[in-house]
Number of protein chains: 2
Amino acid sequence: MARVAGVAKSTVSRAFIHPTLVAAPTRERIRRIADEMGFRPSRVARALSTGRTGLVGLVVPTLSNPFFGPLVAATQQAAEEEDRQIVLMISELSAERETRIVERLSREVDGLIVATSLCEEAFLRKVAKEIPLVLVDRKVGRLASVLIDTPSGVAAIADHLIGMGHRRLCYVSGPPGSWADAPRIAALRARAEEGGADIVVAGPIPPTVDAGIEVAETVAAAGVTAVIGYNSATVLGLLHGLGTRGVRVPEDVSVASADDFILLQSTKPAVTVLHLPLEEAGQAAVRMLERLLRGERPGRPVVIGPRLVIRESTLRARPPG
Amino acid sequence: MARVAGVAKSTVSRAFIHPTLVAAPTRERIRRIADEMGFRPSRVARALSTGRTGLVGLVVPTLSNPFFGPLVAATQQAAEEEDRQIVLMISELSAERETRIVERLSREVDGLIVATSLCEEAFLRKVAKEIPLVLVDRKVGRLASVLIDTPSGVAAIADHLIGMGHRRLCYVSGPPGSWADAPRIAALRARAEEGGADIVVAGPIPPTVDAGIEVAETVAAAGVTAVIGYNSATVLGLLHGLGTRGVRVPEDVSVASADDFILLQSTKPAVTVLHLPLEEAGQAAVRMLERLLRGERPGRPVVIGPRLVIRESTLRARPPG
DNA sequence: ATGAAAGCGCTAACAC
DNA sequence: GTGTTAGCGCTTTCAT
């Protein structure tokens with residue numbers, strides 16, 4: 001390539017990386033010839049010489065949960081803009097496997113994005129010292145992180161409901177031991193108190209349609225006019241279970257979901273959901289990682305706020321009586 | 001590292017790659033010292049020297065469709081066993097974007113796995129000449145590929161149904177223009193003919209719960225005793241729509257799904273589905289790629305057969321009258 | 001503004 | 001069985 005263009009290879013190299021250091025005519029000629037011969041600088045050789053691979057490790061616990069697909073997609077896209085490639089690893093919800101993966105990956109990529117990490121804090125701290133690390137959906141001390149503020153989103157649902165006259169709401173909680181429930185319930189209670197409403201908590205139940213159908217019994221008997229489900233499966237079940245019991249949605253009871261799996265937009269009625277802007281989260285994570293890679297400080301966690309998507313399943317409360 | 005162990009670096013290198021060429025004591029010593037100092041051979045340097053990066057490109061159209069999550073996970077796991085890493089790219093269902101991605105990736109990885117490719121045949125052929133390429137869920141001439149034989153799976157559903165005395169079945173077809181429908185319908189008709197049954201085709205309809213609910217009207221009026229839905233969303237809708245119209249599942253009508261999104265196992269009744277063994281597909285793809293990388297010929301496409309999972313939603317047909 | 005040369009960390013061919 | 005050496009294709013000083 002350099003020979004063909006009649007210049008030294010260092011000049012070719014410069015033409016690509018520091019275009020300003022090369023005289024315009026030379027630069028153009030090099031570019032043109034490179035195009036003609038389909039020349040692309042080898043990332044590997046560059047990596048060896050610069051110490052940076054252009055690779056970003058992305059670790060997610062699973063791809064079965066619809067939460068992570070969009071996150072991975074967004075991260076990949078954002079990384080691509082920075083001319084980086086994503087090395088994806090899936091921990092299969094095992095903390096031990098995740099630890100191994102992160103350990104290994106940390107020696108082979110420029111930086112790491114780890115979503116909903118199950119690892120121990122101490123380990124993550126250690127890793128962050130060795131390599132730029134961004135946590136998504138997990139907070140560990142001052143480590144760089146992108147947080148999705150579902151509790152405040154759930155609170156927004158409560159506001160919406162209370163604003164429509166509902167005074168007695170039910171939250172159907174998720175699987176026993178889910179770390180997600182407590183903050184949501186706390187946020188919910190706070191809003192309810194402000195708005196003069198009551199919160200009834202049903203569950204915990206497994207996040208399945210079936211469990212949702214069964215818990216409908218409890219919900220129907222609880223004397224509430226609105227219910228918020230832990231996730232889409234729960235809500236799908238609720239819809240079905242309430243219908244079976246002759247409870248009309250939304251006329252008798254309003255229903256909302258704390259997540260937004262796509263099916264919920266095509267049920268009857270379409271369900272009011274919390275949309276989690278995972279695209280934003282992915283972009284934010286990449287931006288933050290890029291900052292770390294430039295040697296800048298992580299700064300405060302980026303908090304992504306869910307957006308309330310109001311659909312047919314939530315309605316003004318019927319006037320009492 | 002070499003210095004610490006008192007040997008030449010080539011010996012260290014050999015101790016890792018061709019252990020047999022190094023005397024056992026030397027090898028052990030090297031390994032021990034390497035462990036102690038946490039030494040890991042640089043993949044980048046190795047890549048530059050050998051011309052192989054250890055990277056495998058994986059291209060999928062989207063992660064929103066639950067089909068691809070498990071496929072990606074399986075592929076990643078299988079690749080890991082071979083000490084390879086997956087560079088994931090998502091085409092967002094755009095043929096143009098996919099083409100760009102494949103083009104780019106092909107210069108930076110050892111091999112490529114492309115799922116449900118939207119690219120043109122000629123392009124894929126060209127790429128396959130430049131770099132080991134395995135297609136998943138798409139067949140192009142003699143190119144290496146892993147196929148998922150849904151038509152024969154759908155036929156298995158028909159057999160199951162016909163075996164239980166059903167003589168009039170309905171297939172609810174997917175989105176207009178779906179390439180998946182025609183082969184399924186053909187397989188269905190063939191089986192029906194053999195078994196002395198009739199096939200009614202409803203649709204095409206969009207693959208949404210809502211459309212499934214609406215098409216239930218048609219299905220209910222079609223005088224069939226069993227219905228096979230294009231996918232999970234369709235079936236979820238059917239379940240709901242049939243119920244609303246007083247049609248009991250499975251007593252009046254049996255219902256089955258041509259895919260197996262997890263929700264369907266926790267509906268009421270649990271739905272008979274076609275399980276697509278995507279784990280196998282991922283493994284097969286990696287194995288096949290590995291073969292190509294060794295310079296062997298691709299061989300015939302690997303065909304993965306779906307497995308029929310019989311649940312509560314399919315029942316013996318009621319005796320006529 | 002450009003060239004020459006060193007070196008990134010490894011592998012592989014060739015000596016010994 | 002092990003050491004020596006020559007690259008792999010770039011980036012980056014240091015000259016010019």
Side-chain angles (χ1 to χ4, degrees), chain A residues 1-55 83-85 104-110 130-131 293-295, chain B residues 1-55 82-85 104 106-110 130-131 293-295:
Chain A
M1 160 73 210
R3 287 215 312 265
V4 180
V7 296
K9 55 183 181 172
S10 50
T11 306
V12 175
S13 174
R14 274 188 287 251
F16 281 98
I17 322 190
H18 312 287
T20 57
L21 296 185
V22 173
T26 322
R27 189 193 328 136
E28 294 313 323
R29 191 158 45 87
I30 292 179
R31 292 247 159 148
R32 190 173 46 72
I33 297 184
D35 270 9
E36 281 169 14
M37 12 190 326
F39 171 90
R40 312 270 297 135
S42 148
R43 285 180 92 97
V44 178
R46 178 175 296 179
L48 182 56
S49 140
T50 61
R52 328 181 114 254
T53 57
L55 262 29
D83 197 30
R84 293 184 179 284
Q85 303 184 324
R104 233 180 127 242
L105 223 37
S106 68
R107 320 217 162 226
E108 327 197 320
V109 297
D110 295 343
E130 297 166 354
I131 181 180
L293 284 164
R294 276 188 248 107
Chain B
M1 161 74 212
R3 286 216 312 267
V4 181
V7 296
K9 55 182 183 174
S10 53
T11 306
V12 175
S13 174
R14 274 190 287 251
F16 281 100
I17 323 188
H18 312 288
T20 58
L21 297 184
V22 174
T26 323
R27 192 198 320 141
E28 295 313 322
R29 191 158 44 86
I30 292 179
R31 292 247 158 146
R32 191 174 42 75
I33 297 185
D35 271 8
E36 280 168 15
M37 4 188 337
F39 170 90
R40 311 270 300 134
S42 149
R43 284 180 93 100
V44 178
R46 177 177 294 181
L48 182 55
S49 154
T50 61
R52 327 180 116 255
T53 56
L55 262 31
E82 305 282 348
D83 197 30
R84 295 184 178 284
Q85 303 184 323
R104 230 178 130 241
S106 68
R107 321 218 161 225
E108 327 198 319
V109 296
D110 294 344
E130 296 167 354
I131 181 179
L293 285 164
R294 276 189 248 108

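Lettering of chains follows the sequences in order, A, B, ..., and the numbering in each one begins at 1. Bear in mind the structure is a predicted one, so any value in this text is a computation, not a measurement. Worth knowing before you read on, the calculation uses all heavy atoms, side chains too, and leaves out hydrogens, waters and symmetry mates.
- Non-hydrogen atoms lying under 4.0 Å from DNA chain C are contributed by nothing in residues 30-43 of chain A.
- To the nearest 0.5 Å, atom CZ of residue R27(A) and atom CZ of residue R14(A) are 13.0 Å apart.
- Distance check: I131(A) CD1 to E108(A) CD gives 10.0 Å after rounding to the nearest 0.5 Å.
- Chain A approaches DNA chain D within less than 4.0 angstrom (heavy atoms of the protein), and the contacting nucleotides run 5' to 3' from dG9(D) to dT13(D).
- To the nearest 0.5 angstrom, M37(A) atom CE is 11.0 Å from D35(A) atom CG.
- Here the side chain of R52(A) pairs a donor or acceptor atom with the backbone of L293(A) at under 3.5 angstrom.
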### Summary
Reading nucleotides 1-8 of chain C from 5' to 3' and marking B where a protein heavy atom lies under 4.0 Å of the base, S where only the sugar-phosphate is that close, and - otherwise, the string is SBBBB-BB

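- Within the 4.5 Å cutoff, no side-chain heavy atoms of R31(B) are placed close to those of V22(B).
- Considering every non-hydrogen atom in both L55(B) and V109(B), the closest pair reads O-CB, 3.4 Å.
- In terms of heavy atoms, A8(A) sits closest to A2(A) at C-CB, 3.9 Å.
- Residues that satisfy the side chain to side chain donor-acceptor pair (under 3.5 Å) test with R294(A), not counting sequence neighbours, are E296(A).
- To the nearest 0.5 Å, atom OG of residue S42(A) and atom CZ of residue R107(B) are 12.0 Å apart.
- One distance of note links OG1 of T53(B) with CZ of R43(A); it measures 11.0 Å at 0.5 Å rounding.
- Using five terminal pairs a side, the axes of the helix from dA1(C)-dT16(D) to dC16(C)-dG1(D) at its two ends make an angle of 40°, given in steps of 10 degrees.
- Residue R46(A) holds its CZ atom at 13.0 Å from CG of L48(B), rounded to the nearest 0.5 Å.
- Contacts of R29(A) classified as side chain to side chain contact (heavy atoms under 4.5 Å, CB included), with partners at least two apart in sequence or in another chain: A5(A), V7(A), T26(A), R32(A), I33(A).
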